**Q** 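After the structure tokens below, expect a handful of questions from me.
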There are 4 protein chains.
Amino acid sequence: MPTILGQNQYGKAETRVVKVVRDGDTHHLKDLSVSVALSGDMDAVHYSGDNANVLPTDTTKNTVYAFAKERGVESAEHFGIELARHFVASQESIHRARVRIEEYAWERLAGHSFARKGQETRVAEITYDGARWQVVAGLKDLTVLNSTNSEFWGYAKDRYTTLQEAYDRILATDVSARWRYGWDGAAADGSAAAASAPAPDWNRSYEETRRHILAAFAGTYSRSLQQTLYAMGTRVVEHRDEIEEIRFSLPNKHHFLVDLEPFGLTNDVADGAVYFAADRPYGLIEATVLRDGADARIPVDTTTL
Amino acid sequence: MPTILGQNQYGKAETRVVKVVRDGDTHHLKDLSVSVALSGDMDAVHYSGDNANVLPTDTTKNTVYAFAKERGVESAEHFGIELARHFVASQESIHRARVRIEEYAWERLAGHSFARKGQETRVAEITYDGARWQVVAGLKDLTVLNSTNSEFWGYAKDRYTTLQEAYDRILATDVSARWRYGWDGAAADGSAAAASAPAPDWNRSYEETRRHILAAFAGTYSRSLQQTLYAMGTRVVEHRDEIEEIRFSLPNKHHFLVDLEPFGLTNDVADGAVYFAADRPYGLIEATVLRDGADARIPVDTTTL
Amino acid sequence: MPTILGQNQYGKAETRVVKVVRDGDTHHLKDLSVSVALSGDMDAVHYSGDNANVLPTDTTKNTVYAFAKERGVESAEHFGIELARHFVASQESIHRARVRIEEYAWERLAGHSFARKGQETRVAEITYDGARWQVVAGLKDLTVLNSTNSEFWGYAKDRYTTLQEAYDRILATDVSARWRYGWDGAAADGSAAAASAPAPDWNRSYEETRRHILAAFAGTYSRSLQQTLYAMGTRVVEHRDEIEEIRFSLPNKHHFLVDLEPFGLTNDVADGAVYFAADRPYGLIEATVLRDGADARIPVDTTTL
Amino acid sequence: MPTILGQNQYGKAETRVVKVVRDGDTHHLKDLSVSVALSGDMDAVHYSGDNANVLPTDTTKNTVYAFAKERGVESAEHFGIELARHFVASQESIHRARVRIEEYAWERLAGHSFARKGQETRVAEITYDGARWQVVAGLKDLTVLNSTNSEFWGYAKDRYTTLQEAYDRILATDVSARWRYGWDGAAADGSAAAASAPAPDWNRSYEETRRHILAAFAGTYSRSLQQTLYAMGTRVVEHRDEIEEIRFSLPNKHHFLVDLEPFGLTNDVADGAVYFAADRPYGLIEATVLRDGADARIPVDTTTL
């Protein structure tokens, strides 16, 4: 046979589960979208349609709902760990599970009334192969803007360069960040027993990391979005020992000063300026910031030569 | 000629303007998407492509930017009034202007650093025909949820009814609301001079209306989404004298209790339940609530027999 | 009571139904999204949450599925007529039904294999009040482009006009069109018995109307998008006796000639030009074209002073 | 310093370029969205905001437009190769360029009139490091459906399995496929001179690969979506010598048979059945099919333990 099967995975994507916990008249809400991808002995189903090793994706969906009831949702990361362990431990044909979770935040209006909080989404990805764990957490669509303290000049120029240097510009981006925890479940003696080492406090770690990202964005006088990115990453790695690396993908959401001269108006940044917020194209700045000595494991989302 | 030209309008849609106002190191931000629609003596351009009466849509875009600089953006409503008056007053061929504005909210991180606040959007629509004004304000994509205090039973049943009655369900919706102000610019003596009557405080009115909507949603023990809608509308009309009518469009975002019995689990609402958040189909509840004696002018978005 | 209930309607939106009909090994596919809105005696549910007059939206969903089986889907319009009649005829509290349908087209790859055909969507809206019918059909997201035979010059100019005249430009739009049929179900003697008059061939009428729209777009030498719009509408009304009016909403999808002079290049339209396809803002041209003597009933989607 | 910079890249994303070529009254259209990502000596900009090595993303945008004029757009792949070579060859600080292109298809209505053809998008990704090339082509959002010849049974069952076996179901998916060409620019003697080896006919290869994917989807009697995926991949690799591997990502777009029994109706697939087309959750089947002996280089889009 001239062709072979390469890496493959399957599962149920975007199972939307809402868990309510009642504490008297005060309710607590967890709102998740859970996507499961399973890998293992899957040659037969690809080659001949023999489904004997295939736990249906409908079952992975049911499992998400049942676990939300049986085990609760303490955090996205903990819930993903419970699910990933279950699939690898209970199905002989499954050798690896990856669970991706999006979590939508709500703020309380009253004891059991809530309003969706922002367009920002918390994300988590848990991977388990029966021996070691990898936990990547993050957020996306956190839109931020500095209306000054941003410059861009001194750049390389070639035949196609027409950009004017900017000494006071708007810097705006939708922060997408993913950070990897050092925790892999291995005990201190290096034995890779599944989840024998104590795990970080996932919710607190998330809140603190988010806070550092915002503080670094607001506090950095920026000569390029790359510099701001690195400042955000460094601040996280320096303050959060449990994090080994963090990767950002930052669109440069251009706000162009409108030329008002034809109308006899000056549009000076120092005096209340008017900007055109452009959709496309946009700059896109991506980088990983690592703790010195750490391995880079968050995928770069690019092909490798 | 067997065909004639009916209602028509044209203009530039979704001009994205960001205005920054500096007060020392503290900056203020207005972030708008402005859509202008103009009507008037437009027969020639339709019949023969004669553009003599057509102010280019590019010019309406330029005007938005110039006005943001010259006149500032005190509120979406005030900015729309300035624009609408300008087009009708300055172009003989333009008899009516409608300006629609979406405003995106930002919260301050520091003096000149901001984060986008929610997915909720403030909207305003200003219409002016040279004599009278109509101002409709509103909001959309304000997602809210009550995790209890919602029932649905006692409904009509026919051959196709299979729905089980619910005595404790989640009620969730994306609030879309539009309210019309009584202000039409006419002076107290009835003379229709353009904007001779004092206008409401648009920003304060918006904030208060939004607050009443949320309070009514959270505070209503609901036997149907219609009842909740009417409670929200009544509360607004009763508390805000400047508002004549309010129309809601409320998707019923169904959260179905998952059947966990096949797994030996009970999924009782009283004990922390698990729900499936469905996308489609969804119920859609729409209604206008009017001050007694007021005319209904907010369009119903439906054809009329 | 200082507030009253105005126009209201409710129902299930976006019920996604796929009907397969087998003719031996050749299958036929209908793929619809059906939204039902019902009005009638609905005071009690709004005022007090009394649901006795409320047929659940879940039931309207069930009815869509049952009718697809029992009565088939000959055309979106016919299916909508069946549904609208049913709700008004069978529920005393329902006085009016509006059914909106989106239909997604598929092309056959083989006897029972299909590929989705385009992003264009066929739409239909059927309204019935127990006496007369109104049928509006249409399409949306039909993206078309002329790479020449479009000009724009001779327009009005004011202080804010900077646009350069164009003598050979790209004209591109996403056609959104809705046309109203004269058929209202009334017999020739004027008696308004429900659907006693023979109805048009909905599918053939749709295909022919679409063909005329495309032919007019391609065949019109355009001095403005308004002229092209009117040419499309006139052609439809002149060729299709069953249609009383047609309304278009046409975004002017701007394609700007890129300035290549800084790079020593000329970007001449006559010689293979390069364009920047802009997203926002865009011009938006809307108008109704009517058969002389017809009433305009397709809503303009704007507030009225 | 406890933190270091890991993989990073930057560039302009989604530059929307439309190129028209005139051949008398017959025009030809190329409609692309081009995203460029550059890597190289970028430490300084991240550490201190020194932009000396940073060619502005605005310049990469200009280059896209200038190249479209100067060199034309023979195919997405060829255009991407020209761009990637330029950035690496002309900027000492740039060591690697990745160019991603989406191409939107148009069909001709008349000589210079066009309609957008489908929602399907052609994609290409070209990567170049100064020595070797990697070209990945593909397509996305090609929605296909078989209304029979699909089963799913004999699967693994556990405590959470409730799915009923299916012997005649709808199989529908949005095909997303990416295939990697063996061509890397190296001459037959292995010397890695940039692009010294003759390249495939990119457009013909794309059309043929697409044709094979559709033929395999339509022609495979399927016992699982995995089996259909493998059949599509095998057919491509066996018929197209220039392709080394192909990776699919296939959502299983569930069409559930509606239970019509409560209404006294049977909903039998053999007799024209009615289905509910679900949005979420959906199964997601992903796999690579490789030519025997080839390396898997298309990223799996998953973290690795």
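Owing to the predicted nature of the structure, the values given are computational and were not obtained by experimental measurement. Order of the sequence lines sets the chain letters (A, B, ...), proteins ahead of strands, with each chain counted from 1.
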**Q** Can you name the closest pair of heavy atoms from C/L55 and B/K157 and give their distance?
**A** CD1-C, 4.5 Å

**Q** Given C/R247 and B/Q7, is the side-chain contact (heavy atoms from CB on, under 4.5 Å) satisfied, shown in steps?
**A** CA-CA 9 Å; C/R247 185 166 179 86; B/Q7 197 278 352; 2.9 Å; yes

**Q** Need one label for B/R159: side chain, backbone, both or neither, based on atoms under 4.5 Å from any heavy atom in chain C.
**A** side chain

**Q** Using 0.5 Å steps for rounding, measure from the CG atom of C/L284 to the CD atom of B/E14.
**A** 9.0 Å

**Q** For C/P2 versus B/E238, what's the shortest heavy-atom pair and its separation?
**A** CG-OE2, 3.6 Å

**Q** Can you tell me which portion of B/A296 sits under 4.5 Å from chain C's heavy atoms? Options are side chain, backbone, both or neither.
**A** neither

**Q** Only counting residues at least two apart or in another chain, list the ones meeting ring pair (Phe, Tyr, Trp, His ring centres under 6.0 Å) with B/F152.
**A** B/Y155

**Q** Using non-hydrogen atoms only, which part of B/S48 is less than 4.5 Å away from chain C: side chain, backbone, both, or neither?
**A** backbone

**Q** List the steps and the verdict of side-chain contact (heavy atoms from CB on, under 4.5 Å) for C/K12 and B/Y282.
**A** CA-CA 6 Å; C/K12 194 70 109 191; B/Y282 51 91; 5.6 Å; no

**Q** Might you point out which heavy atoms bring C/G49 and B/S224 nearest each other, and give the distance in Å?
**A** CA-OG, 4.1 Å

**Q** Which of these passes side-chain contact (heavy atoms from CB on, under 4.5 Å) with B/L163: C/T57, C/N62, C/D58?
**A** C/D58

**Q** Specify which of C/V34, C/D50, C/T162, C/V237 makes the most heavy-atom pairs with chain B at under 4.5 Å.
**A** C/T162

**Q** Please state whether the side chain, the backbone, both or neither of C/F67 comes within less than 4.5 Å of a heavy atom of chain B.
**A** side chain

**Q** With a 4.5 Å cut-off on heavy-atom pairs, point out which of B/A13, B/A231, B/A37, B/A294 contacts chain C the most.
**A** B/A13

**Q** Just give me the residue among C/T288, C/T15, C/N8 that pairs up with chain B most often, heavy atom to heavy atom, under 4.5 Å.
**A** C/T288

**Q** Give the member of C/D279, C/V289, C/V54 that has the highest number of heavy-atom pairs under 4.5 Å with chain B.
**A** C/V54

**Q** Considering all heavy atoms of both residues, which atom of B/A156 and which atom of C/A52 are nearest to each other, and what is their separation?
**A** CB-O, 3.5 Å

**Q** Name the member of C/R180, C/E151, C/E70 that forms the most heavy-atom pairs with chain B at distances under 4.5 Å.
**A** C/E70

**Q** Check whether any side-chain heavy atom of C/Y230 sits under 4.5 Å from a side-chain heavy atom of B/L5, and report yes or no.
**A** yes

**Q** Show, in sequence, the C-alpha distance, side-chain angles and deciding distance for C/H86 and B/Y160, and conclude whether the side-chain contact (heavy atoms from CB on, under 4.5 Å) test is met.
**A** CA-CA 12 Å; C/H86 166 78; B/Y160 299 109; 3.8 Å; yes

**Q** Is there a side-chain contact between C/Q227 and B/H46 (heavy atoms, below 4.5 Å)?
**A** no

**Q** Just jot down the salt bridge (charged side-chain N to carboxylate O under 4.0 Å, His left out) partners of C/E102, sequence neighbours excluded, or say none.
**A** C/K140

**Q** Can you tell which of C/H254, C/M42, C/R223, C/E245 has the highest number of heavy-atom pairs within less than 4.5 Å of chain B?
**A** C/R223

**Q** For B/K61, is it the side chain, the backbone, both, or neither that has a heavy atom closer than 4.5 Å to a heavy atom of chain C?
**A** side chain

**Q** With a 4.5 angstrom heavy-atom cut-off, which part of C/R291 approaches chain B: side chain, backbone, both or neither?
**A** both

**Q** Would you find a donor on one side and an acceptor on the other, under 3.5 Å apart, between the side chain of C/D292 and the backbone of B/T3?
**A** no

**Q** Can you give me the closest heavy-atom contact between B/Y10 and C/I285, atom names plus distance?
**A** CB-CD1, 3.7 Å

**Q** At a 4.5 Å cut-off on heavy atoms, which part of B/Q91 comes close to chain C: side chain, backbone, both, or neither?
**A** side chain

